[in-house]
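Step one of this worksheet: look at the structure below.
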Protein chains: 2
Amino acid sequence: MSVTDFEQRRNKILELIIEAHIASASPVGSEFVARKLRSSLSPATIRNIMGELEGDGYLSQPHTSAGRVPTDRGYRFYVDSVMDVRRISLDELRQIELLIRPAEVDLELLLERASAALAALSQQAGFAVVPTVKQSRVRQVEFVPLGVRKILCVLIANDEMIASHVVEIVEPMTRDEAVALARFINTELGGLSCRELMESLERRMLAERDSFYHVVKRSLDILQQALSTEPEERFVLEGTSALVSQPEFANDPRKAHALLKGLDAEEALLARIRQDIAPDGVRVRIGREVQVAGLEACSYLTAPVAAGDAVVGGIGVLGPKRMDYPRLRALVEGVSRCVTELLTRWDER
Amino acid sequence: MSVTDFEQRRNKILELIIEAHIASASPVGSEFVARKLRSSLSPATIRNIMGELEGDGYLSQPHTSAGRVPTDRGYRFYVDSVMDVRRISLDELRQIELLIRPAEVDLELLLERASAALAALSQQAGFAVVPTVKQSRVRQVEFVPLGVRKILCVLIANDEMIASHVVEIVEPMTRDEAVALARFINTELGGLSCRELMESLERRMLAERDSFYHVVKRSLDILQQALSTEPEERFVLEGTSALVSQPEFANDPRKAHALLKGLDAEEALLARIRQDIAPDGVRVRIGREVQVAGLEACSYLTAPVAAGDAVVGGIGVLGPKRMDYPRLRALVEGVSRCVTELLTRWDER
DNA sequence: ATTAGCACTCATTAGATTAGAGTGCTAACA
DNA sequence: TGTTAGCACTCTAATCTAATGAGTGCTAAT
C-alpha cells in the first residue's frame, strides 16, 4: 500500500467519524466506523488508525471508555481538505428567494430577511452585517425644512439605502436656502463616501474665505449632526433560540449560560465577524478560532454580500461546532449569491 | 380577634411567603415564616393558616413534604391587594435618564434604549411597542425625485417619527410636479392619521372628476406604495438571555426550551401585550393570564408611553412569575413617566 | 385559638452495584 | 509488515438502596 493510500484511508475514517458525530452529537466508536466501512477493515485496525488520528490532534476522547470526538483541528482539516463542496439545491434556493424577494426595496430589511431565512433553513442562528449610509457613497442629499430652526436631512446612498435625520440649526433657513445648500453639497459628492465627503468639506472650509466659507461650514455642521446618531453598521442576529436548543447546550446549563452571555455581547461577535467578510467567498471559524468569550463551543460561516464589485455587507450562520458544514456552506454561499444578484441587478438599473 | 384582624394576619403571611419565594426561588415552610414573624405565632398555627390559604387557592405544594409556593391566584392577590406600591428611587431614575436621554431625537431609538434600560435594571427581559407613522397623524409629506420614475416619499409624523420609502411611478414626474403634489397632500392632512388620510383621499377620488381626479389618484398611489412596506408597529425585546438564566429555566431544560419557543413567536406576545397598553398606568399579567404558548411560567408588566395625552406606545418587563413585583412595578412606572415626559416636552416645542 | 408533640410523606443525596460501551495491548496470522 | 481476534481493563451511565431531613397534618393538651 502506498503512502497516499494510507492517507486516503485515514481521511475517510476521519470524515466518517466527524459526520457521524455531527449527526449523533455523541462520541463515535471503532465498531460503528467498521460497519460504515462495510467491513473492509476490522474494528481493531480502525482503533489503531483512530489512535494515530488522536496522536496527531484530530480527535480526542472525552474519557477512556468513550469513542472519539473531533477536535477543533479535526474540524478544520475536515472543512479545508476532506468535506465535499456542494451547491445549494434549487428547491432551497427557490425558498430563499421567496423569503427575501419581497424585501428588495430596502437593504436593511433585505438582509434581515436573509438572516431570518438562514436561521430557518439551518435550524441555527443566522446573522447579517448591514451597512449604513455612514460608510457608503452618498449619491444625493436633500434638505426638507420642518420649521424655522429644524430641517430634515435626507442622505441617499442608493435606492435601498436611505437615512433621514432631523437637524437643529442655529440660524433660520428658508426653503430656497435649503435647496441651494443641498445643491451645493450634491455637486461636491462625486462618488465620495460620507467620511471622505466630510473630510473634503473640512479642507475646503479651511481654504475658502468670505461668504462661501459659511456655506461650506453650514453644510458640514448639518451633515455632522445628521450622521452623529447613525451607526457605522448594524448587526442582525436571529434564531438564537434554536441554537440554545441544540443538545450540547440544552443538556448542560453552564454551557447554555456561557453561550447566552456570549451572544449578549453582540459587539464582540460583530467585531470578529467583520474580519471575515471578504470578497473571497465563504469562510469558516471553528471553536476557539471564533475568539469570542462564551462562544468557544460554536462555529460560524460567513459570506460577503456585494452590489456589483463592492462588498457592502455580509451574512452567515452561527451554530455549535458540531454543525453540518457541507450543507451550511452551500446554504450560506447560496444566500450570499442570491442577495448579491438581487443587489447587483438593482444597482444596474 | 375580629374578622379583619384574622384577614390581616393571613395577608401578612401570604405576603411573607410570596416575598420569600421571590427571593429564594424555592418553597417556603412554616418554620421560616414563624421566624420572620418574630415568634408571634408558632409554626403550627402558621401551618393551619397556610392550609387555609392553600384551600382558597393562593398557595400550593409541589409535593407533600415541601413548603408552599404561590399560585397564579396568590400572586394576583398579592399584586392587587397586598404589596405596597413604591416609587422608583431617584438614583435609578437618574440612571435611566442617562441611558435614554441621548436617544431623544428618534422615537424608535428612544424606546429601544428604554427597553434596554429596563432589561439592564430588572435583570430580566425589557420590551417596547414602538409606533410607526402608519398609525400616527402625519404632519407633513415631502417628495424627493430620485430619477425619472422614482421618488422618495418622506412621511413626517413629528420630529422623532419619520419614514421614507422609495416609490416607483409609472408616469414620469418633474421636480415641480412633485412639489405641487406634496403641497396638495399637505393641505389634505389636517390632523388625520395615515389610515384616515387614505380613506379621505379615496372618497375624494370617487367624487372628483376631470383633471383633479388624477392628482388625487396619483397621491393615493404613491402613499399606498410608500406605506405598503411600513409595519403597523414594531416590537423590541431585549435581555432574553438574562431571562433564560433565571433558576426556574436554567435548572429545567424543558422549561427553558418552552420559553425560547414562546419568545420566538414575537407576534403572539406583541398581540397580547398590545391589549394591556392603556393610559391607566402599569398593568400586570401573571402566569396563565399571559395566554401565550410557552410563557405560562412568566409574568409581565406594561406601562403606556404617551406624548401629551395620546398614548403612542408602551414599554414593559417580562420575567418569571417569581419576579420582584413591587420593584419592577416602580421601575416600569418610572421609565414610562420618564419617556412620556421627554416626548411631551419635545412635542410642546 | 394556639401550640407542642409526633407520626408520616416524600424529595434529595450518597453509596453501592451492575451493565456495557469502547479502548489498548498482545499474540497470532496473512 | 499490516491486519485481526481475543481479552483484560477502564470508566460512564443506569439502577437500586438506604439514610437524611425538611415539612406536613393530626391529635391532644393548654
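In what follows, chains carry the letters A, B, and so on, assigned in the order in which the sequence lines appear, proteins first and then strands, with residues in each chain numbered from 1. Every heavy atom of this structure was used, including side-chain atoms; hydrogens, water molecules and symmetry mates were not.
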Check: Mapping B:Ile49 and B:Thr64 to their closest nucleotides on DNA chain C, which lands nearer the 5' end?
Finding: B:Ile49
Next item on the list: Could you check how far CD1 of B:Ile46 sits from C1' of C:dT2, rounded to whole Å?
Entry: 12 Å
Item checked: Sidechain N-carboxylate O distance under 4.0 Å for A:Lys36, A:Glu19 -> no
Next item on the list: Using the six-membered ring wherever Trp is involved, compare the ring planes of A:His21 and A:Tyr75 and label them parallel, tilted or perpendicular (cut-offs 30° and 60°).
Entry: tilted
Note to self: Under 4.0 Å from OP1 or OP2 of C:dT3: is there any side-chain N or O of B:Arg47 that close?
What the structure shows: no
Notebook entry, point to check: Side-chain N or O of B:Arg68 less than 4.0 angstrom from OP1 or OP2 on D:dA22?
Noted result: no
Check: Who are the salt bridge (Lys or Arg N to Asp or Glu O under 4.0 Å) partners of B:Arg283, not counting sequence neighbours?
Finding: B:Asp276, B:Asp280
Note to self: I want to check one thing: is the phosphate of D:dT3, taken as OP1 and OP2, less than 4.0 Å away from some side-chain N or O of A:Ser42?
What the structure shows: no
Next item on the list: Select base, sugar-phosphate, or nothing to describe what B:Glu31 touches, counting heavy atoms under 4.0 Å on all strands.
Entry: nothing
Notebook entry, point to check: Is the A:Tyr300 ring parallel, tilted or perpendicular to the A:Phe127 ring (thresholds 30°, 60°)?
Noted result: perpendicular
Check: Rounded to the nearest Å, what distance is computed from the CG atom of residue B:Leu59 to the P atom of nucleotide D:dG23?
Finding: 15 Å
Check: Rounded to the nearest Å, what distance is computed from the CG atom of residue A:Asn251 to the P atom of nucleotide D:dT12?
Finding: 17 Å
Next item on the list: Please tell me which of B:Ser65 and B:Ser40 maps to the more 5' nucleotide of DNA chain C, matching each residue to the nucleotide holding its nearest heavy atom.
Entry: B:Ser40
